[in-house]
Amino acid sequence: MYQRVRYGVFLKDVLTLSISTFGGPQAHFALFLRLLVQKRKYLSEADLIEVNSLCQVLPGPTSTQTLTAIGYKIGGPNLAYLALLIWILPAVTMMTIAAILIHVFQDRHLSLEFTRFVPAMAVGFVSYAAYTMSVKSVHTRTGMVVLVLASVLSYFIRSPFFYPISLTVAGMITAFKYKSHPHEEKIPMDIKWANFILWAGVLIGAATLGHFTRHPLVLLFENFYRNGSLIFGGGQVLTPFLYTEFVELKHYLDAREFLSGYAIAQSLPGPVFSFSAFIGALSMKHGGLGGQIAGAFVSAAAIFLPGTFLIFFVVRFWESLKKFRAVRASLEGITAASAGLVAAAAVFLFQPLDNTFETYAFTIGTFVLLNFTRMPAGLIIVAGLLLGLIL
């Protein structure tokens with residue numbers, strides 16, 4: 001039996017996690033295990049692993065979905081939504097402030113030269129993400145072929161629609177390997193469609209409203225809600241989606257702004273998806289301070305909501321769904337393709353940077369520090385900013 005949950009204690013724990021968890025879903029999981037399982041005993045270690053695995057199957061931010069799913073399991077939807085709000089608010093607020101400060105510097109023609117190493121370091125972060133995803137998720141020849149194909153094709157096909165298509169096709173390819181997975185006894189499925197209808201209704205409604213009104217905030221909401229509905233693999237896979245849409249297609253930001261924001265997001269605690277607030281604020285930079293704040297919070301809400309709706313939908317019948325061998329087999333292709341998309345992102349994020357020795361040095365140096373030391377991401381970024389000031 002799990003202990004009776006008090007909302008105040010659980011939400012305090014969520015706040016503690018939101019200001020102390022660095023490093024993305026893998027690092028977040030370890031802290032969730034330590035605080036929520038071992039210390040508080042809200043659920044068992046097996047339950048946490050299972051919830052986290054389920055969230056990796058769904059589009060959206062894995063850590064955020066895991067935390068809200070725990071809130072849902074132990075306290076229902078009200079506790080889950082409160083947990084979601086408290087988890088994302090610190091990082092979203094900090095990313096909004098960062099975007100506003102960058103715009104103020106640009107608007108007043110103040111030098112941002114001290115940030116000149118940060119974009120190259122951001123590419124180092126993306127490269128490291130691609131490497132770790134590949135090492136941890138690709139263990140077969142089929143997976144390697146899927147990774148390479150996804151990487152090469154996504155480099156040449158710069159469309160936000162390519163990403164969900166590639167993930168779907170990759171999952172279908174490895175689903176045919178279902179015979180390599182053991183049989184498990186099936187459980188009858190009782191599917192409740194309310195949250196799926198809510199997710200789809202908001203998706204269609206936002207697209208329709210955006211088409212007819214062309215209001216920038218509505219369009220931002222639609223853009224981020226759609227991306228949040230299509231992204232598998234967490235914050236690392238978010239990067240190529242958003243770069244393609246907001247830098248290459250819509251030109252709301254330039255490559256340097258995008259990479260600076262991504263690096264800042266890597267240096268902050270909490271979910272990497274808070275990067276959406278940075279993009280939303282700079283996308284509304286011509287709307288004044290109020291417009292930037294509105295753009296940040298609309299974008300953040302839109303990127304986080306789809307994953308929340310979908311985890312509430314799927315968690316009810318996951319026990320039955322995971323018994324199907326084809327479902328388990330498809331995960332190999334989805335994770336391999338996700339790693340390929342991130343690898344391609346590292347290449348085309350690097351291309352706009354200056355072809356200088358220091359660009360290569362800071363990209364490679366960041367990768368080496370992440371791979372061979374335990375230096376926190378935030379400390380690496382701070383060191384880069386200090387070197388920018390000194391040099």
- Message: Parallel, tilted or perpendicular: which one describes the rings of F196 and F313, with boundaries at 30° and 60°?
- Response: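 Rings of F196 and F313: tilted, as their planes differ by 30° to 60°.
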- Message: Using 30° and 60° as the class boundaries, would you call the ring planes of F304 and F273 parallel, tilted or perpendicular?
- Response: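 Ring orientation, 0 to 90° scale: tilted.
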Test [X] against every option in [options] by the side chain to side chain contact (heavy atoms under 4.5 Å, CB included) rule and name the one that passes.
X: M121; options: L370, I380, L259, L369; result: I380
X: F309; options: I197, V202, L203, V314; result: V202
X: I279; options: Y252, F258, Y262; result: F258

Is the side chain of [X] donor-acceptor paired with the backbone N or O of [Y] at a distance under 3.5 Å, no angle test?
X: T363; Y: A120; answer: yes
X: S63; Y: P271; answer: no
X: T366; Y: F362; answer: yes
X: T174; Y: A329; answer: yes
X: Y81; Y: Y72; answer: no
X: S151; Y: L147; answer: no

- For K73, all residues meeting salt bridge (Lys or Arg N to Asp or Glu O under 4.0 Å), sequence neighbours excluded: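 None.
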- Query: If you measure from NZ on K41 to CG on L35, what distance do you get to the nearest 0.5 Å?
  - Reply: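 If we round to the nearest 0.5 Å, K41:NZ and L35:CG are 11.5 Å apart.
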- Hydrophobic cluster partners of L209 (side-chain heavy atoms under 4.5 Å):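 L209 shares its hydrophobic cluster with V218.
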- Counting only heavy atoms not in Y131, do more than 12 sit closer than 6.0 Å to its OH atom?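 12 or below, so no.
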